> 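Take a look at this one; I'll ask things after.
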Amino acid sequence: MLVNLVLWLGITMVIFPFGIVIATLYDLPLNKLTFIELLLLGLLPITLLSTASAFLIPINLEFFAIAASFSLSVSWYYRRICFEKVMELVSQWLKLSFLCKTCLGLFLLFTGIQASMPTNIPDQGHYYLQTIKWAGNYGIPSNVVQFGMQYGQFSSWHILQAVFNFSAILGNRLNAVNGWLLVMFIVFIVEKYQSNQSKGVPLFCLISVFCSAGFQFFVTAPSPDLPIILLTIIVFYYHLFEGESTTTFKIICMLSLAALTYKITSFFLFFLLPFYSKAVIMKCKWLSLPAIVVALLIVSKSMVTAGTPIFPFDIDVINESSSSLISRIIKDGKDEIWSLTAVNADLSLLDLELQEKINMWLFQLGYKSFINLLWIGGIILAGFFSMILKSKVLFQVFIISFVHFILLWLTAPNYRFAIPLIIICYCVLLINSGINLYFGRRVVYLTLLLSGVWITPISGMVLNLSQNGIVSRDYPVRWEYLIMPTKQFVSKEYELAIFNGEKVYLPPNYFYCWDGPIPCVMRYHYEKYHNFGH
């Protein structure tokens with residue numbers, strides 16, 4: 001935990017100056033932006049820089065030194081602004097009540113401990129750690145999809161993790177940028193709650209803080225799903241409560257572009273842009289430059305890793321007779337997405353009629369069915385009440401959610417991709433319901449303590465819902481986690497094999513590669529494709 005807290009301080013010091021630079025370049029009012037807002041804006045430039053650099057060099061200590069040197073130079077050049085923003089943050093902290101300070105402090109400790117514990121997300125061993133290791137050792141690898149469909153999801157969020165994980169010193173164990181972002185998100189929400197008590201803001205902030213207990217699920221692993229969820233809530237805060245202005249529009253665009261570089265499933269954020277006037281959009285036309293850069297990086301990264309412009313949409317896969325190994329892997333992977341994420345593992349949607357697909361998607365066993373019903377229910381309720389209440393905002397949320405659902409249904413109907421909009425949908429429904437919900441400040445602050453449930457025995461019961469047989473823990477907290485994050489599932493018994501002419505490593509005893517040497521190939525993948533074409 002202590003190592004994570006030091007890391008988070010370092011991340012803040014490196015990223016904050018990037019926010020000042022982009023705010024200056026795009027004429028954002030530095031005197032009105034808070035420390036946290038500038039910090040969040042800094043995510044886009046450092047992500048673009050690290051991703052672009054990963055095409056040429058490994059993202060390791062050398063790159064961190066370059067980024068830190070740049071930040072130090074910017075901090076010195078803008079030292080007056082930096083000093084003012086830090087003092088503003090200190091002043092805001094001093095004005096908080098004792099209860100608020102205590103709850104924020106405990107939330108910081110809970111998140112630091114959670115980020116230090118073994119993960120409960122199997123994708124950590126499936127491709128998260130491997131992707132970070134690729135980025136740290138080689139940058140963006142060529143044709144890495146041949147080693148597994150999951151490696152095509154070479155997120156820029158994992159490249160950013162490689163900037164701050166100091167793997168050369170500590171190994172691949174310090175991947176806690178998710179925890180840092182969650183803490184910054186909570187500070188942002190509390191800051192807005194303190195400064196803006198207009199209609200709907202307190203309820204929006206309460207729901208955001210309440211959901212933070214569930215967001216802790218993503219802190220133990222560098223999942224790119226968490227930044228998408230958090231940035232979505234922040235973007236909608238600006239859209240709902242900051243008014244239609246060029247400043248609001250610029251912030252929304254920059255945060256949305258950052259989210260898009262982390263995961264293409266955040267495309268729905270750009271559905272907000274048509275709801276702004278032409279005059280505002282034209283004043284922000286220079287935002288097309290970072291948009292073009294983001295588009296080029298996404299396409300280039302996909303071409304290098306998978307040989308297709310936008311992974312996992314492979315043009316060659318349209319021709320089912322394609323003999324390309326990567327084309328076959330992507331086609332099989334998309335079939336697997338349909339057969340495993342939408343129904344139970346022993347069933348398949350591929351050969352069913354539309355009505356049968358919908359019935360199985362909605363009424364399968366387990367928690368997925370509940371979330372799917374919640375998803376559909378939110379869209380229907382938003383559409384219905386937008387007509388009854390004649391609410392412009394509800395109508396916007398309905399349109400965005402409905403189009404998002406259709407596009408996901410046609411590609412990957414996975415509830416995980418809908419979580420951000422599910423939260424927003426029900427949040428806006430409650431705000432526009434006309435129900436006068438009263439709660440004091442204490443409720444908002446005390447809700448932060450819900451996050452502590454993950455380091456209690458209760459977490460064992462919650463984790464049973466994940467159906468994850470690889471990782472289980474009844475009482476995960478150990479004294480050593482208070483200092484150093486754990487390194488999970490380490491093994492030196494990887495089997496060396498030849499995979500279509502290349503040396504690869506196969507994991508021992510269990511399904512996942514975790515922190516194995518690269519290139520690491522899952523056994524099922526090796527057995528299925530190692531003699532491809534012969």
Side-chain angles (χ1 to χ4, degrees), residues 4-51 53 59 61 63-94 104 108 111-112 115 156-157 159-166 174 176-192 194-195 226-227 230-231 234-235 237-238 247 250-259 261-262 290:
N4 279 334
L5 296 181
V6 173
L7 171 68
W8 293 348
L9 179 61
I11 294 173
T12 301
M13 294 173 64
V14 171
I15 293 183
F16 176 71
F18 281 87
I20 293 178
V21 169
I22 198 166
T24 303
L25 288 175
Y26 283 92
D27 199 27
L28 289 169
L30 286 172
N31 60 321
K32 294 182 179 179
L33 295 176
T34 67
F35 181 93
I36 297 299
E37 288 175 319
L38 288 169
L39 192 61
L40 292 171
L41 289 173
L43 285 172
L44 178 61
I46 193 170
T47 298
L48 297 185
L49 179 62
S50 59
T51 303
S53 301
I59 305 302
L61 284 174
F63 180 86
F64 173 81
I66 294 171
S69 299
F70 174 81
S71 295
L72 185 62
S73 301
V74 172
S75 297
W76 175 254
Y77 185 81
Y78 290 100
R79 56 190 178 276
R80 183 182 61 82
I81 294 174
C82 291
F83 178 77
E84 288 177 356
K85 294 305 173 184
V86 171
M87 293 310 297
E88 285 177 10
L89 189 65
V90 172
S91 177
Q92 290 174 353
W93 170 260
L94 293 175
L104 280 172
L108 176 65
T111 307
S156 293
W157 187 246
I159 297 175
L160 189 62
Q161 298 273 352
V163 176
F164 298 106
N165 80 338
F166 303 106
L174 201 61
V177 180
N178 275 21
W180 169 82
L181 184 62
L182 180 57
V183 171
M184 297 305 109
F185 167 79
I186 288 298
V187 174
F188 172 87
I189 293 297
V190 171
E191 181 179 82
K192 294 304 179 183
Q194 290 281 336
S195 62
L226 184 67
L230 300 184
L231 290 176
I234 293 172
V235 163
Y237 170 85
Y238 283 105
T247 297
K250 288 175 182 177
I251 292 175
I252 286 176
C253 287
M254 290 177 186
L255 295 181
S256 298
L257 286 171
T261 62
Y262 301 144

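Computation of the quantities below employed the complete heavy-atom set of this structure, encompassing side-chain atoms and omitting hydrogens, waters and symmetry-equivalent molecules. Remember, predicted model here, so these are calculated numbers, not experimental data.
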> Answer yes or no: is there a side-chain heavy-atom contact under 4.5 Å between Phe164 and Ile46?
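Counting from C-beta outward, Phe164 and Ile46 do come under 4.5 Å.
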> Could you give me the CA-CA distance, side-chain angles and deciding distance for Phe35 and Leu39, then say whether side-chain contact (heavy atoms from CB on, under 4.5 Å) is met?
CA-CA 6 Å; Phe35 181 93; Leu39 192 61; 4.3 Å; yes
> Would a distance-only check, ignoring hydrogens and angles, find a side-chain to backbone donor-acceptor pair under 3.5 Å from Lys85 to Ile36?
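Side chain of Lys85 to backbone of Ile36, a donor-acceptor pair under 3.5 Å: no, none is there.
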> Return yes if a side-chain donor-acceptor contact under 3.5 Å exists between Ser156 and Thr47, otherwise no.
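No - no donor-acceptor pair under 3.5 Å links their side chains.
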> Are the side chain of Ser91 and the backbone N or O of Met87 linked by a donor-acceptor pair below 3.5 Å?
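No, because the side chain of Ser91 does not come within donor-acceptor range (under 3.5 Å) of the backbone of Met87.
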> Could you walk me through whether Leu181 and Leu40 pass the side-chain contact (heavy atoms from CB on, under 4.5 Å) test, one step at a time?
CA-CA 9 Å; Leu181 184 62; Leu40 292 171; 4.2 Å; yes
> Decide side-chain contact (heavy atoms from CB on, under 4.5 Å) for Asn165 and Leu7; before the verdict, give the C-alpha distance in whole Å, the side-chain angles of both, and the deciding distance to 0.1 Å.
CA-CA 9 Å; Asn165 80 338; Leu7 171 68; over 6 Å; no
> Do the non-hydrogen side-chain atoms of Gln194 and Gln92 ever get within less than 4.5 Å of each other?
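They are not in contact (no side-chain heavy atoms under 4.5 Å apart), so the answer is no.
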> Mind checking the CG-CE spacing from Leu28 to Met254? Nearest 0.5 Å is all I need.
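One gets 5.0 Å once the value is rounded to the nearest 0.5 Å.
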> Report the C-alpha distance between Phe70 and Ile66 in whole Å, list the side-chain angles of each, state the deciding distance to 0.1 Å, and finish with yes or no for side-chain contact (heavy atoms from CB on, under 4.5 Å).
CA-CA 6 Å; Phe70 174 81; Ile66 294 171; 5.7 Å; no
> Are Trp157 and Asn178 side-chain neighbours, meaning at least one heavy-atom pair lies under 4.5 Å?
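The answer is yes; the side chains approach within 4.5 Å.
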> Please name the pair of heavy atoms, one in Trp8 and one in Ala176, separated by the smallest distance, quoted to 0.1 Å.
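Closest pair (atom of Trp8, atom of Ala176, distance): NE1-O, 2.9 Å.
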> To the closest 0.5 Å, what do you measure between CD1 (Ile15) and CG (Leu44)?
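Reported value, rounded in 0.5 Å steps: 11.5 Å.
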> Could you report the tightest heavy-atom contact between Ile252 and Val235, atom names first, then the distance?
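So the two residues come closest at CG2-CG1, 3.8 Å.
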> Any ion pair linking Glu37 and Lys192 (charged N to carboxylate O, less than 4.0 Å)?
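Yes.
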> Compute whether any side-chain donor of one residue and acceptor of the other, for Thr34 and Glu88, lie under 3.5 angstrom apart.
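There is no such pair between these side chains.
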> What residues form a side chain to side chain donor-acceptor pair (under 3.5 Å) with Thr247, not counting sequence neighbours?
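None.
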> Within this structure, what is the CG-CG distance for the pair Leu25 and Leu41, rounded to the nearest 0.5 Å?
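Answer for the CG-CG pair, Leu25 versus Leu41, is 11.5 Å.
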> Quick one: CD1 on Ile59 to CZ on Phe63, what's the gap to the nearest 0.5 Å?
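Result: 5.0 Å between the selected atoms.
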> Determine the minimum heavy-atom distance between Ala23 and Leu38, stating which atoms define it.
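Closest approach of Ala23 to Leu38: CB-CD2, 3.8 Å.
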> Side chains of Asn4 and Trp180: any donor to acceptor distance under 3.5 Å?
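No - no donor-acceptor pair under 3.5 Å links their side chains.
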> Roughly how far, to the nearest 0.5 Å, is the OG1 atom of Thr24 from the CG atom of Asp27?
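Between Asp27 CG and Thr24 OG1, I get 9.0 Å after rounding to 0.5 Å.
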> Should the pair Phe188 and Tyr237 be assigned to parallel (<30°), tilted (30 to 60°) or perpendicular (>60°) ring geometry?
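Phe188 and Tyr237: perpendicular rings.
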> What distance separates Thr261 OG1 from Leu160 CG, expressed to the nearest 0.5 Å?
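Those atoms lie 8.5 Å apart.
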> Can you see which heavy atom on Ser75 is nearest to which on Pro17, and at what distance?
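That closest heavy-atom pairing would be OG-CG, 3.2 Å.
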> Is any side-chain heavy atom of Leu49 closer than 4.5 Å to one of Phe18?
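The answer is yes; the side chains approach within 4.5 Å.
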> Counting C-beta onward and ignoring hydrogens, is there a side-chain heavy-atom pair between Phe16 and Cys82 closer than 4.5 Å?
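Yes, their side chains come closer than 4.5 Å.
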> Heavy atoms, side chains only, cut-off 4.5 Å: are Tyr238 and Ile234 in contact?
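With C-beta onward as the side chain, the pair touches.
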